[in-house]
Amino acid sequence: MGYTYRELGLSNTREMFAKANREGYAVPAFNFNNMEMALAIVEACAEMGSPVILQCSAGAIKYMGYDVAPLMAKAAVDRARNMGSDIPVALHLDHGADLETVKKCIAAGFSSVMIDASHYDYEENIKVTKEVVEYAHKNAGEYVSVEAELGVLAGIEDDVHAEEHKYTNPEEVIDFVGRTGVDSLAIAIGTSHGAHKFKPGEDPKLRLDVLDAVAEKLGSFPIVLHGSSAVPKKYVDMIKEFGGEMKDAIGIPDSELRGATKSTVAKINVDTDGRLAFTAGVRQVLGTNPKEFDPRKYLGAGQKEMKEYYKTKVQDVFGSEGAYVKGTK
C-alpha cells in the first residue's frame, strides 16, 4: 500500500530551502536506518525548533523496506507534533540510482528524491536527471522535490563508491539547472563520503571559492553539501574504548561547514556522525555491562547519544535552531 507524502504529514523541501536561504542557515539532512535513529533525529530538531530532512539511502530502504521507512517517518512527525512542535519534516531518497527507484520511493510516500547521475558524463547526467524531474514534478500526483549532483565526491557510503574527487565546474551549473529543472543541486567542494575522509595531521579545507563561484552563477538557488560529517574524536575514542575497531580519521570541521551555510547552502547531509554517536552509546552500555541483553537499554542509549549530539550540530553547524517556533512559518 502506498501513500502520498501529505497523507504521512511530510513536507516538501521547496519552502524549507527558500526560508533557509533567506535567513542564512542550512536544513539538517540526517540519515536513519531504524526507529531509534528516526526518533533521535526528529526529537533533537523538534527541541531545537529546526526543520529536518529524514534521509534514506538505497541500503537503508533495503534494510527497512519501502513499506516501513515512510511509516517510520510518519511516526517521527507524530512524535514532533506530540512534543508541541510543528517543524516541517521531509523524507528524502539519498543517492537514488535510477528512475525506477525514484518511482518506488514516491509511490511509498517520499516527499523528496535525489537522482545521482554524477558518475555519467555531463550530457548523460542531464538526460537521466531530466527524466526524473519530469516524473517527480508532473506525474507523481504531488509535486516531489528533486536533487541532483554535479561533480564527484570521493569516499564510500553504502553503494556509492568513488576513488577520486572531481570539483564542480561553476561554468556548468546554470546550463545544468536550466536544462534539468531540478529543485536543488549537490556540488563537490571538498567534502567526502564515509568515516575515513582525511588522515590525522591533514588540514581539511572546503573550496569555498568554488561555492562562491557557483552561488554567483545561481543566485539564491538551493545548494547541497554531501559527505559533511565531522567524525568526532569523542565517539571514535568511545568506540575503541568499549571494544570497537576504527582507523584514526578526521572529518570536515564544523567551522568550515558553518561558513558554507552563510552562503547559499540550504541543505547539508550528515550520516557518519550519527552512526558513530549511536554506536558509541550502544558499545558503552554493552562494554560496561556485559550481562545486558535488553535491546531497549543499549539501543535507547544509542538513541540518546545521537539525539544530544545532533542538537549541538543544529546549533553549531546548521544555524537552524529557532527557525520554526510553534505557530510561525
Side-chain angles (χ1 to χ4, degrees), residues 1-17 27-43 45-46 51-82 87-117 128-149 157-160 180-184 186 222 224 226 267 269-271 274-275:
M1 180 177 179
Y3 304 87
T4 67
Y5 65 83
R6 297 195 188 280
E7 289 176 324
L8 300 176
L10 296 164
S11 299
N12 190 274
T13 58
R14 286 185 296 173
E15 294 78 11
M16 296 166 70
F17 291 161
V27 179
F30 296 138
N31 288 61
F32 75 102
N33 299 284
N34 59 22
M35 179 192 76
E36 288 80 10
M37 286 182 161
L39 293 180
I41 292 166
V42 79
E43 287 177 5
C45 289
V52 67
I53 299 169
L54 290 166
Q55 297 200 145
C56 283
S57 65
I61 294 171
K62 183 177 180 181
Y63 177 71
M64 291 183 280
Y66 284 98
D67 53 340
V68 172
L71 295 180
M72 283 194 186
K74 180 185 185 302
V77 172
D78 291 345
R79 173 61 60 87
R81 303 298 174 255
N82 290 335
I87 60 168
V89 180
L91 178 62
H92 176 75
L93 167 64
D94 191 20
H95 290 286
D98 49 48
L99 180 59
E100 289 308 308
T101 301
V102 165
K103 286 181 177 179
K104 287 180 181 179
C105 287
I106 291 174
F110 282 64
S111 62
S112 177
V113 295
M114 179 196 183
I115 178 65
D116 184 359
V128 172
T129 300
K130 186 176 180 180
E131 288 176 346
V132 169
V133 169
E134 289 179 349
Y135 179 81
H137 287 181
K138 299 175 183 178
N139 300 313
E142 295 271 6
Y143 186 102
V144 173
S145 302
V146 179
E147 174 188 325
E149 185 167 323
E157 180 183 3
D158 282 359
D159 296 330
V160 180
T180 60
V182 291
D183 299 283
S184 60
V224 178
H226 283 236
K267 172 178 179 271
N269 290 14
V270 176
D271 183 7
R275 296 186 189 197

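The analysis underlying the following values was restricted to heavy atoms, covering all of them including side chains, and did not include hydrogens, waters or symmetry mates.
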Donor-acceptor contact below 3.5 Å, side chain R79 vs main chain A38: no

Value for OH (Y5) from OG (S112), rounded to nearest 0.5 Å, stands at 9.5 Å

### Geometric cation-pi criterion, K267 with F17: 6.0 Å, 45°
no

Quiz prompt | Check: V27 and V52 side chains under 4.5 Å, non-hydrogen atoms | solution = no

Correct closest heavy-atom pair for S145 and T13 would be OG-OG1, 2.9 Å

Do S184 side-chain atoms and P222 backbone N/O form a donor-acceptor pair below 3.5 Å?
no

One should read off an interatomic distance between T101 OG1 and I106 CD1, to the nearest 0.5 angstrom, of 11.0 Å

Kindly say whether T4 contributes a backbone atom to a donor-acceptor pair with the side chain of E7 at under 3.5 angstrom?
yes

What one should report as the nearest heavy-atom pair of L8 and P70 is CD1-CB, 3.7 Å

Heavy-atom nearest pair, I61 first then C105, reads CD1-SG, 3.7 Å

When every non-hydrogen atom of L39 is compared with those of A76, the smallest separation belongs to CD2-CA, 4.4 Å

Worksheet item: Is there side-chain contact between H137 and D183, with at least one heavy-atom pair below 4.5 Å?
Response: yes

Trace of the side chain to side chain contact (heavy atoms under 4.5 Å, CB included) decision for Y135 with K103: CA-CA 8 Å; Y135 179 81; K103 286 181 177 179; 3.6 Å; yes

_Is there a side-chain contact between H95 and Q55 in this structure, where contact means two heavy atoms from C-beta onward sitting under 4.5 Å apart?_
no

Between S57 and A60 (side chain of the first, backbone of the second, donor and acceptor by atom type, cut-off under 3.5 Å), is there such a pair? yes

Notebook entry, point to check: Is the closest side-chain heavy-atom distance between D116 and E147 below 4.5 Å?
Noted result: no

Query raised in the report: Any sub-3.5 Å donor-acceptor pair from N33's side-chain atoms to Y63's backbone N or O?
Result: no

- Message: What I'd like to find out is whether the side chain of F30 reaches to under 4.5 Å of the side chain of D271, using heavy atoms alone.
- Response: no

The side-chain contact (heavy atoms from CB on, under 4.5 Å) partner of L91 among V77, I53, L10 is L10

Heavy-atom closest pair (V133 atom, G181 atom, distance to 0.1 Å) is CG1-O, 3.6 Å

